[in-house]
Amino acid sequence: MKRSRELAAAGAAMVLATTLVAAGPVSAAEEGKPSEPSLVGSAKLLRKDGQDVRFAFDAHGLFPESRGTFRVSHAGEGFSAYFRGRIDCLVVGGPVAVVTGIVEDTDVPGLKDRRVGMTVYDDGRRDRLGYSWGPDPENKQIVPPCLSTATFERVESGDFKAVEWFPPGSGIG
């Protein structure tokens with residue numbers, strides 16, 4: 001009887017080992033780990049003068065394969081402006097994400113087809129944001145890919161989620 005239990009246990013172990021080998025290693029996605037960096041979410045900035053400034057991001061992928069969209073709107077007493085565009089760079093390190101993108105649609109003169117930069121500090125419900133752009137008809141102040149400024153604005157409502165990811169074997173992270 002003891003011998004048959006040993007054989008049954010050995011057989012079960014071989015079946016389990018064969019199943020694990022056939023299934024292969026568990027992928028990062030299966031373990032709940034990210035497979036690329038991302039920055040998603042939307043928020044309204046804190047402006048004590050009542051201006052309504054909003055940002056939204058849906059950015060994915062490590063530069064140079066970054067992709068996605070961004071939207072910005074700004075309304076105040078007697079004025080409003082908006083622009084939206086496509087992401088051309090995303091880099092995330094810890095809770096900080098830097099994105100740049102090309103403006104594809106806007107009502108701001110001189111901003112269409114220009115690159116803008118934005119930085120997000122994902123601090124739970126106390127996020128911060130910074131940005132680099134401005135109308136520049138002579139194209140002297142060009143924002144390079146993956147470059148923006150410190151996060152000098154505070155979020156009043158909404159939330160951004162920055163997810164860090166670097167390729168395995170990169171030595172980063």
Side-chain angles (χ1 to χ4, degrees), residues 27-76 79-136 139 141-168 170 172-173:
S27 72
E30 290 172 313
E31 290 181 10
K33 293 182 182 177
S35 59
E36 65 180 1
S38 63
L39 173 63
V40 296
S42 61
K44 179 180 188 253
L45 300 185
L46 176 62
R47 291 289 180 94
K48 294 180 181 180
D49 62 2
Q51 294 181 37
D52 187 351
V53 182
R54 297 173 187 263
F55 284 76
F57 301 101
D58 184 19
H60 304 270
L62 187 63
F63 180 78
E65 283 84 31
S66 303
R67 65 197 180 284
T69 59
F70 65 91
R71 289 187 326 267
V72 178
S73 65
H74 186 171
F79 74 92
S80 69
Y82 80 92
F83 57 93
R84 66 175 178 78
R86 66 177 167 78
I87 299 293
D88 68 353
C89 181
L90 168 65
V91 178
V92 182
V96 178
V98 176
V99 294
T100 54
I102 306 300
V103 175
E104 295 180 324
D105 184 34
T106 183
D107 63 357
V108 178
L111 198 54
K112 187 168 183 345
D113 299 322
R114 299 288 313 275
R115 180 177 291 112
V116 296
M118 294 150 286
T119 306
V120 169
Y121 174 51
D122 177 4
D123 190 23
R125 291 291 178 166
R126 298 182 327 245
D127 295 344
R128 295 177 62 94
L129 188 134
Y131 42 85
S132 303
W133 67 71
D136 181 23
N139 292 324
Q141 300 175 17
I142 297 172
V143 175
C146 307
L147 188 67
S148 188
T149 185
T151 56
F152 53 87
E153 296 252 26
R154 296 182 191 279
V155 166
E156 177 180 325
S157 62
D159 191 32
F160 297 117
K161 179 70 176 158
V163 175
E164 176 184 72
W165 179 87
F166 294 101
S170 68
I172 302 173

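It should be emphasised that the depicted structure is a prediction, and the values quoted were computed from it without experimental measurement.
Residues D159 and A43 come closest through the heavy atom pair N-CB, 4.2 Å. Across all their heavy atoms, Y82 and V108 have their closest contact at O-CG2, 4.1 Å. Closest approach of C146 and V91 over heavy atoms only: SG-CG2, 4.1 Å. Residues L62 and P167 approach most closely at CD2-CD, 3.6 Å, considering heavy atoms. Closest non-hydrogen pair, P145 versus F63, comes out as CB-CE1, 4.2 Å.
With rounding to the nearest 0.5 angstrom, the CH2 atom of W133 is 12.5 Å from the OG1 atom of T100. Here the straight-line distance linking atom CG of D58 with atom OG of S42 works out to 10.5 Å at 0.5 Å rounding. Expressed to the nearest 0.5 Å, how far OG1 of T151 lies from OH of Y121 amounts to 8.0 Å.
For R54, the side chain to side chain donor-acceptor pair (under 3.5 Å) partners at least two apart in sequence or on another chain are D52. With sequence neighbours excluded, the residues satisfying ring-ring contact (aromatic ring centres under 6.0 Å, His included) with F160 are F57. With sequence neighbours left out, the side chain to side chain contact (heavy atoms under 4.5 Å, CB included) criterion links L147 to P144. Judged as a side chain to side chain donor-acceptor pair (under 3.5 Å), and not counting sequence neighbours, the contacts of T119 are S148. Every side chain to side chain contact (heavy atoms under 4.5 Å, CB included) that V92 has, sequence neighbours left out, goes to P37, L90, A97, A162, E164. Scanning for side chain to side chain contact (heavy atoms under 4.5 Å, CB included) contacts around V103 gives F70, F83, T106, L111, V116, with sequence neighbours left out. By the side chain to side chain donor-acceptor pair (under 3.5 Å) test, D122 pairs with no residue at all, sequence neighbours left out. With sequence neighbours left out, the salt bridge (Lys or Arg N to Asp or Glu O under 4.0 Å) criterion links R126 to D123. By the side chain to side chain contact (heavy atoms under 4.5 Å, CB included) test, A150 is found to be paired with no residue, residues two or more places apart in sequence or in another chain being considered. Qualifying ring-ring contact (aromatic ring centres under 6.0 Å, His included) partners for H60, counting only residues two or more places apart in sequence or in other chains: none.
Taking 4.5 Å as the limit, every side-chain heavy atom of K33 sits out of range of all side-chain heavy atoms of W165. Residues V120 and V96 fail the side-chain proximity criterion, which asks for heavy atoms closer than 4.5 Å.
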Full working for side-chain contact (heavy atoms from CB on, under 4.5 Å) between L46 and V155: CA-CA 5 Å; L46 176 62; V155 166; over 6 Å; no
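Counting only residues at least two apart or on different chains, the salt bridge (Lys or Arg N to Asp or Glu O under 4.0 Å) pairs with a member in residues 35-48 are E36-R67, K44-E156, R47-E153. Annotation: salt bridge (Lys or Arg N to Asp or Glu O under 4.0 Å) contacts involving residues 92-113, sequence neighbours excluded, comprise R84-D105, R86-E104.
The only member of L39, V40, D127 that meets side-chain contact (heavy atoms from CB on, under 4.5 Å) when paired with K161 is V40.
For R115, the CZ atom counts as densely surrounded, since its 6.0 Å shell holds more than 12 non-hydrogen atoms of other residues, nucleotides or ligands.
Judged by distance alone, the side chain of S66 and the main-chain N or O of G61 form a donor-acceptor pair under 3.5 Å.
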